[in-house]
Structure formats: structure tokens, C-alpha cells
Q: 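Just passing along the structure, written as C-alpha cells.
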Amino acid sequence: MAERRMMREEEFLIQEDHFRRNAFLIISEMVKMSPKHPSVLVDEILHSIFFLGHIKTPQYSPKDIVSDDNMLNLLKGRYPQPFKLFSSELPKRSPISCVLDMIVHLMGQENEDTIIEELQKLIRQLKEDEAKDLVSSTICVSQKNKDPNSDRYYGVSMSTSGRDPGRIMIAASCLSAWDSYVAGAVMTYYPKKTQKPYFDGTIKLPEQVRCQAFSLSDLREMPPCRSCGNLFGLTTSENREWPYGHCAEAESVSNLLKYEKEVREQAQPKSKTATDENRKKAQESVLKELTNLLKMQKFTWDKHFYTPQV
Ligand SMILES: [Zn+2]
């Protein structure tokens, strides 16, 4: 019995070390990649990682994560806000979304292969020893049509581990980051896998849209899961149903709809229940669920989403 418990405690320690190791690695890579400092994306990722460390059990403080004193002081000097607000404000996106933005910005949206390869390099480092903390497993690319020259919009799956951090970040992205159609589709099901009786905000992307996901471990094409089929009208024979909003498709489609107004218009929700009033009601229910989840994590939320600024 005692032996079994010790093994469990050891396993726990290893898991926690993965968090610290991966967090530090991601921060170091982002600092290296950024062409200038301060950078909005570095600011955002610091806050997002510190927040996730803060709601972990046991907690990880920024000082635990950035254990190198020199680097800690440098970061604090250049990025004071994340150090102040990680324990009161919520991030809008999970960390790897910021890494993805940085890579797309550096490589240019048209260079799909290079973008995926660059992100894969980092994910491989993070996934050594089977670590799952702060890792996105898939990337998705969307385009308004099959023309190879049309703009590409990217997204990654949620880089959280565990049920509650995932649910927290999906709710936060719904309420603050995603295009309102994507948020509405996800809120239709959130937090469980059953549809709300009073609101159906699901959408159907036009046939000509490309929305294609790849595994970041081996670049295999990943067919949309059942949830993404239900959310965005993507055709799939897949039966696996990931938590709604978890997959890379959500962020990628959200980026597509933010910029391609015509696609957005064609995709609008068709259900009679998709009214402004019902959408508001759904938002309120998601906010309530989010508030409860945060309370369970003993997080005192000041009701603000963190806005990165430098
Ligand atoms: Zn999916």
C-alpha cells in the first residue's frame, strides 16, 4: 500500500516537472524567435503560461517556471503586466496559439509547409518523455476555397492538460477570442456533449472551403472528429467526439471567418433558435460554468480577460 502510494507520488512529481520543463522551453523559444522586445505575443504567452501554472495543483509561480534568475529579471523588466495579472485575469487563448501566431508572422501565411514544420520542431521537443503539458497535438489550415493562392488561416488544438483547464480555456476563448459564429457553435454544446435545447448556433461552412487538420507528431492528415462535424458542418466518417471547441478546427475557422466576410455570411447559423437573445442566454450559461470552474480552482477572477500590451 505504502509502496503503491509512493509510486503515485513519484508519478505526480514527474508530471509536474513536465509542466515546468515545457513552460520554460516554450518561453525560451518565444523569446528567441521574437524579432523585437518587448513583443505583444511574448507578453500574451507569459500571462497564459503563468495562469495555467497558477491553477495547477500544486501551484507553479512565475519564479518556479522561470528558474533562471537573470532571465526572470529580464522578463519582469520587459513584461511587467503578466507578472502582476496572472492570478486575477484570464487568458484569451492557450499558449501554443501564441507560438503559432509568432511562426505565421515570421514565415508568412502562404508558407504552409514551413509553418507546420517549425511548429512540429517545438512540439517534438515538448513531447519528449511522453509529456502532454502545454502541448497542441494538431494544427488546422483553412482557406476560403481550393485556390492555392488564397490566404491561409491557422489554428492549433487547446494546449492544456486535464479536464478543467481545458474547459476553462474553451469558455474563455468563446467569450473573448473567437469569432462569434465559432463561439456560438461551441456554446451550443458547452460544457458537455449535449446540445442546448434553447440555442443552436452551429454553422455550415460552404463546400468550397478548405479546412484540413494535421497531426503535429507525424504530419498525418486528421479527418474532422464528430464534434467538428457537428459544429461546422464538416463531412466526416469519424465517430470520435472530442470536447467541443478543443480541436484545431475551432481556432482556424474562427480566423477564417474574422477575415473572409463572404464565407462568414454564407456560413451563418440556420436554426430558428439562433437569435441574439438566445445567444446571450448561452453566453450567460457559459460564463456561469466558467465562474464555477474557476471557483473550484480557488482562482479569484476580476472578470477581465488579459489584453497583452507592450
Ligand atoms: Zn474535432
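For ligands, and for the atoms within them, numbers begin at 1 and follow the listed sequence.
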Q: Quick one: give me the number of protein N/O/S atoms under 2.8 Å from the Zn ion (ligand 1).
A: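 Total protein N/O/S atoms under 2.8 Å from the Zn ion (ligand 1): 3.
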Q: Would a 4.5 Å heavy-atom cut-off, applied to side chains only, mark Lys196 and Ser285 as touching?
A: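 Yes. Closest side-chain heavy atoms under 4.5 Å.
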Q: Do Gln59 and Ser87 make a side-chain contact, defined as non-hydrogen atoms from C-beta onward lying under 4.5 Å apart?
A: no
Q: Report the residues that fulfil side chain to side chain contact (heavy atoms under 4.5 Å, CB included) with Pro308, sequence neighbours left out, ordered by chain and then residue number.
A: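 With neighbours one apart ignored, the set is Val40, Asp43, Glu44, Tyr306.
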Q: Mind checking whether Tyr244 and Tyr189 have parallel, tilted or perpendicular rings, split at 30° and 60°?
A: parallel
Q: With salt bridge (charged side-chain N to carboxylate O under 4.0 Å, His left out) as the criterion, how do Lys32 and Glu29 come out once you've worked through the C-alpha distance, each side chain's angles and the decisive distance to 0.1 Å?
A: CA-CA 5 Å; Lys32 252 193 274 169; Glu29 279 301 309; 3.1 Å; yes
Q: Taking the six-membered ring of Phe199 as reference, does the cationic atom of Lys281 (NZ for Lys, CZ for Arg) lie under 6.0 Å from its centre and within 45° of its axis?
A: no
